Protein chains: 2
Amino acid sequence: MARVGLTPDRLTEAGAELADEVGFDQVTVSALARRFDVKVASLYSHVKNSQDLRTRIALLALAEMADRAAEALAGRAGKDALAALANVYRDYAREHPGRYAAAQLRLDPQTAAASAGVRHARMTRALLRGYDLTEPDQTHAVRLLGSVFHGYVSLELGGGFSHSAPDTEETWARILDALDTLLRNWPAAPTDPRG
Amino acid sequence: MARVGLTPDRLTEAGAELADEVGFDQVTVSALARRFDVKVASLYSHVKNSQDLRTRIALLALAEMADRAAEALAGRAGKDALAALANVYRDYAREHPGRYAAAQLRLDPQTAAASAGVRHARMTRALLRGYDLTEPDQTHAVRLLGSVFHGYVSLELGGGFSHSAPDTEETWARILDALDTLLRNWPAAPTDPRG
DNA sequence: CCACTTGCCTAAAAGCTTTAGGAAGATGCA
DNA sequence: TGCATCTTCCTAAAGCTTTTAGGCAAGTGG
């Protein structure tokens with residue numbers, strides 16, 4: 001009785017909040033039921049199982065980040081755009097660590113293809129149009145940017161850079177500088193080992 | 001009866017193998033007990049709890065990677081050393097995905113300080129002595145390398161680069177090239193926004 | 001050979017996941 | 001309004017994991 005009004009979307013949203021509060025791997029069907037003050041089994045009418053719930057949270061996070069990225073990129077080009085996109089990821093991870101962790105969830109190919117992940121790839125490619133890269137190199141650059149953004153954000157979030165002296169703000173700025181320089185002078189052909 | 005000869009080290013090693021086979025997050029005290037054909041409670045004499053087990057696996061992975069890195073760096077400098085170190089991480093992650101995942105486990109500061117993590121940091125710094133970087137920049141470069149290595153490896157491992165056209169081998173080579181170039185011409189001061 | 005330590009065991013409580021089937025609230029149609 | 005139906009949430013129950021407490025037997029040392 002006293003229907004609470006559960007829906008897959010409400011559960012996903014609440015699951016995302018829970019993830020940000022206690023960590024993505026602590027998101028459990030039980031915890032979510034507790035949060036709605038409802039019996040555990042009730043959730044299984046709205047969500048297939050635990051994995052399904054986690055996948056939905058991942059998709060939500062990817063979509064939210066893509067929305068932010070699209071807004072940040074609008075009207076920007078070159079280094080401005082680079083910094084804007086990079087900051088979207090970093091800021092999102094800081095504001096929503098659980099959601100960010102969710103976005104790293106390995107999705108099966110079909111789900112991934114239907115996710116906002118493809119928007120991310122497209123936006124990174126769009127950003128690179130501000131630099132002079134032809135096709136094979138553009139893909140390499142997309143992958144480099146993805147690696148740096150994800151690697152930096154996850155190391156920073158995991159405390160990998162704590163305690164050390166120059167603050168991470170400074171490092172972040174310098175890395176964006178470096179990436180911009182690199183993209184503007186992308187080393188052409190595979191260089192000879194004895195360069 | 002029939003003592004199996006459990007020790008913390010044997011459990012850790014077996015846990016690492018299990019992680020590589022079924023994924024780090026599937027490493028459970030129960031599964032490990034099954035593997036030794038022993039009752040679950042028996043493991044609790046050797047390992048404090050589930051978290052303790054996971055931490056031990058993480059420390060093992062960090063140490064193994066550090067050993068490989070030390071060997072790979074011996075006698076190398078410059079781009080050779082850069083590629084050698086980078087490949088240690090990439091190869092380790094491919095050979096031991098579960099252990100690599102374990103190495104990302106967030107450790108509490110004390111444990112982290114006593115781990116092989118500090119050797120990794122030292123080796124990256126040593127590698128950078130082959131390039132001309134003075135102190136604040138050196139730290140920035142350490143963080144950049146850490147980000148790229150970790151980011152690339154984890155995206156590649158997670159299938160983030162699958163399906164696309166230029167193969168990842170090629171991209172990896174180009175990224176190492178790019179990093180080498182970047183480190184040799186590290187952009188000096190914070191550049192002006194309108195560079 | 002006896003005392004002691006250690007290693008693995010049984011037992012049990014507590015939490016999470018998932019399925020099956022029931023009952024009350026909402027909805028739709030006459 | 002009245003009744004059938006569907007939906008939402010519930011109880012019950014089985015299975016798995018974690019963790020603690022206490023017991024017996026296998027090695028170890030004197």
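These numbers come from a predicted model, not from an experiment. In what follows, chains carry the letters A, B, and so on, assigned in the order in which the sequence lines appear, proteins first and then strands, with residues in each chain numbered from 1.
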Atom-to-atom span, CG of Leu43(B) to P of dT18(D) - whole angstrom: 10 Å
Listed nucleotide nearest any side-chain atom of His46(A), set dT18(D), dT17(C), dC9(D): dC9(D)
Nearest-Å distance for atom pair OH/P, residues Tyr44(B) and dC8(C): 16 Å
Nearest listed nucleotide, side chain of Val4(A), among dC9(D), dC8(C), dT10(C): dC9(D)
Separation of dT19(C) C1' from Lys48(A) NZ (nearest whole Å): 15 Å
Touch class at under 4.0 angstrom, heavy-atom based, for Ala31(A) against every strand present: nothing
Nearest-Å distance for atom pair CZ/P, residues Arg3(A) and dT8(D): 7 Å
Distances for protein N or O near nucleotides 22-24 of chain D N or O, under 3.5 Å:
none

Residue pair His120(B) / Leu62(B): nearest heavy atoms and the distance that separates them: NE2-O, 3.0 Å
From dC8(C), dT19(D), dC9(D), nucleotide with atom closest to Ser42(B) side chain: dC8(C)
Shortest non-hydrogen contact between Ala16(B) and Leu60(B), atoms and distance: CB-CD2, 3.7 Å
Any Arg34(A) side-chain N or O less than 4.0 Å from OP1/OP2 of dC16(C): yes
Of the listed nucleotides dC8(C), dC10(D), dT19(D), the one nearest the side chain of Leu6(B): dC8(C)
Test log, rule side chain to side chain contact (heavy atoms under 4.5 Å, CB included), inputs Ile57(A) and Leu53(A): CA-CA 6 Å; Ile57(A) 297 173; Leu53(A) 172 64; 4.2 Å; yes
Atom pair distance, as rounded to whole Å: CG in Leu32(A) and P in dT18(C): 13 Å
Using a 3.5 Å cut-off and no angle test, enumerate the donor-acceptor pairs between side-chain atoms of residues 34-45 of chain A and protein atoms at least two apart in sequence or in another chain.
| residue | atom | partner | partner atom | Å |
| --- | --- | --- | --- | --- |
| Arg35(A) | NH2 | Glu21(A) | OE1 | 2.5 |
| Arg35(A) | NH2 | Glu21(A) | OE2 | 3.4 |
| Ser42(A) | OG | Lys39(A) | O | 3.2 |
| Ser45(A) | OG | Ser42(A) | O | 3.4 |

Crowding at CG, Asp91(A) (>12 non-hydrogen neighbours, <6.0 Å): yes
Distance, rounded to the nearest Å, where Leu11(A) contributes CG and dC9(D) contributes C1': 12 Å
Contact under 4.0 Å: Thr28(B) side-chain N or O vs dT18(D) OP1/OP2: yes
Asp67(A), CG: over 12 other non-hydrogen atoms inside 6.0 angstrom: yes
Proximity to the side chain of Lys39(A) - top-ranked nucleotide from dT11(D), dT8(D), dC9(C): dT11(D)
Glu71(A), CD: over 12 other non-hydrogen atoms inside 6.0 angstrom: no
Protein-nucleotide distance (Leu53(B), atom CG; dT17(D), atom P), rounded to Å: 14 Å
Most 5' of Ala41(B) and Ser30(A) on DNA chain C, judged by nearest nucleotide: Ala41(B)
